[in-house]
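Reviewing the structure listed below.
Read the numbers this way: they start at 1 and go in the same order the structure lists the ligands and their atoms.
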Amino acid sequence: MKEYEFLKIDLAEQVCTLTISAPKSLNALNSNLLKEMDDFLSNLYPDIRVLIITGDGEKSFVAGADISEMQPLNAEEGERFGAAGASVFRKIETLPIPVIAAVNGFALGGGCELALACDIRLAASTAKFGQPEVGLGIIPGFSGTYRLAKIAGMGVAKELIFSARAIKADEALRVGLVNAVYEPEELMKEAIRLAHRIVKNAPIAVRYAKECINEEYDLPADEAIAYESRMFGKCFATKDQKTGMTAFLTKQDAHFTNE
Ligand code: CO8
């Protein structure tokens, strides 16, 4: 398995855990770390069915983009840095497998935006979410203005972004920013348990479902419904559809082969 300076990778039973590790800065995202993430996501091992993203240590998921690296940037460099992070996060969002964020602590700025780019967010009860950018003289630059409004609604997004107020996990759950909250020691166990539930299902169907939900969201209703019908039809061209339905009808467990 490839070695990285800022990423730790663990692969077991088709579930890959990517741990972001920059301990000196509470796992802040610097440009070398983003390059490593881009490389990892662009060369994902073919047998991975679910990716879990978490942060190293007990205190922080990701405490944002690296402020010391951003401080001297001019407008052009700032745009380039923002675009580099946004492109990595878009890769996560469009990855052909589900991505679970296991938010184990601070998820601030780019850290909150990273969690938002994942498909599902699970949080430790000690996690804290926020978009503190306006307090630093910038706006969220890794697609936070777009995704926070999409996921938690425009009112919540505007309040959190304008005020730079950080919220605890229970409030994040209440506003729909996270799917579930667990005690810190349970978080990874629950993330892996959820990943294994996903792994049991037909991989192509899971992939098509993710694609449908992503693509249909911004389409007018008739186009969205037609999109789903096309993808639904494509499922019947897979061996796994026959496997799944035959297993149901013969009262056996389905063993999908991703075909
Ligand atoms: N960047 C760089 N260093 C950081 C960051 C960061 N985002 N966060 C923490 N660190 C460093 C601290 O400077 C400190 O370093 P040192 O030990 O050398 O002094 C170390 O990590 C430990 O941090 P603290 O001592 O501050 O730890 P505390 O427990 O007291 O506080 C906090 C923890 C509350 C998380 C605090 O560190 C903090 O507020 N961090 C900054 C959070 C933040 O504002 N994040 C948003 C950054 S902006 C952003 O993410 C924009 C994304 C889009 C970019 C678009 C590009 C143009």
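- Within a 4.0 Å radius of atom 13 (O) of ligand 1, the protein contributes no heavy atom.
- Listed by number with element, the atoms of ligand 1 under 4.0 angstrom from any heavy atom of L108 are 35 (C), 42 (C).
- Inclusion of L136 in the set of residues having an N or O under 3.5 Å from an N or O of ligand 1 is not warranted.
- The existence of a salt bridge linking E190 and R193 is confirmed by a sub-4.0 Å separation between a basic side-chain nitrogen and an acidic carboxylate oxygen.
- Within 4.0 Å of atom 19 (O) of ligand 1, not a single protein heavy atom is present.
- In this comparison of G141, A166, P132, the heavy atom closest to atom 44 (O) of ligand 1 sits on P132.
- For atom 50 (O) of ligand 1, the nearest protein heavy atom is under 4.0 Å away.
- Counting non-hydrogen atoms of neighbouring residues, nucleotides and ligands closer than 6.0 angstrom, the CG atom of N43 exceeds 12 such neighbours.
- Heavy-atom neighbours of K150 NZ from other residues, nucleotides or ligands within 6.0 Å: above the threshold of 12.
- By the 4.5 Å heavy-atom criterion applied to side chains, V206 and R49 are not counted as neighbours.
- Looking only at protein heavy atoms, the nearest one to atom 45 (N) of ligand 1 is A63 O, 3.0 Å.
- Taking each heavy atom of L26 and S60 in turn, the nearest pair found is O-OG, 2.8 Å.
- Between the D240 side chain and the N258 main chain, a donor and an acceptor come within less than 3.5 Å of each other.
- Among the atoms of G109, none of the N or O lies under 3.5 angstrom from an N or O of ligand 1.
- Ranking protein heavy atoms by distance to atom 11 (C) of ligand 1, first place goes to S25 CA, 3.7 Å.
- Atom 37 (O) of ligand 1 has L26 CD1, 3.7 Å as its closest protein atom, hydrogens excluded (heavy atom only).
- In terms of heavy atoms, T243 sits closest to A254 at O-CB, 4.4 Å.
- Within the 4.0 Å cut-off (strictly below), no protein heavy atom is located near atom 39 (O) of ligand 1.
- Distance check on atom 1 (N) of ligand 1: some protein heavy atom falls below the 4.0 Å cut-off.
- In the vicinity of A28, heavy-atom distances shorter than 4.0 Å reach the ligand 1 atoms 1 (N), 6 (C), 7 (N).
- The number of heavy atoms from other shown groups lying within 6.0 Å of CG (D253) does not exceed 12.
- Between K128, Q131, K59, it is K59 that holds the heavy atom closest to atom 29 (O) of ligand 1.
- Considering backbone and side-chain atoms together, A65 places an N or O closer than 3.5 Å to an N or O of ligand 1.
- Proximity to E113 (heavy-atom distance under 4.0 Å) selects the following atoms of ligand 1: 52 (C), 53 (C).
- No more than 12 heavy atoms of other residues, nucleotides or ligands lie within 6.0 Å of CD in E58, so this atom counts as exposed by the packing criterion.
- Side chains of L51 and L41 form a contact here, defined as non-hydrogen atoms less than 4.5 Å apart.
- For a threshold of 3.5 Å applied to N or O pairs, the pair formed by G78 and ligand 1 contains no separation below that value.
- Contact annotation for F106 and ligand 1: only side-chain heavy atoms (C-beta onward) come within less than 4.0 Å of the ligand.
- When ring centroids are compared, F142 and F81 come within the 6.0 Å threshold.
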Subject >> Steps toward side-chain contact (heavy atoms from CB on, under 4.5 Å) verdict (L114, M37) >> reply: CA-CA 11 Å; L114 171 60; M37 280 184 84; 4.1 Å; yes
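- Residue, atom and distance of the protein heavy atom nearest to atom 56 (C) of ligand 1 are F81 CD2, 3.3 Å.
- With K24, E69, M70, E133 as candidates, the residue nearest to atom 15 (O) of ligand 1 on a non-hydrogen basis is K24.
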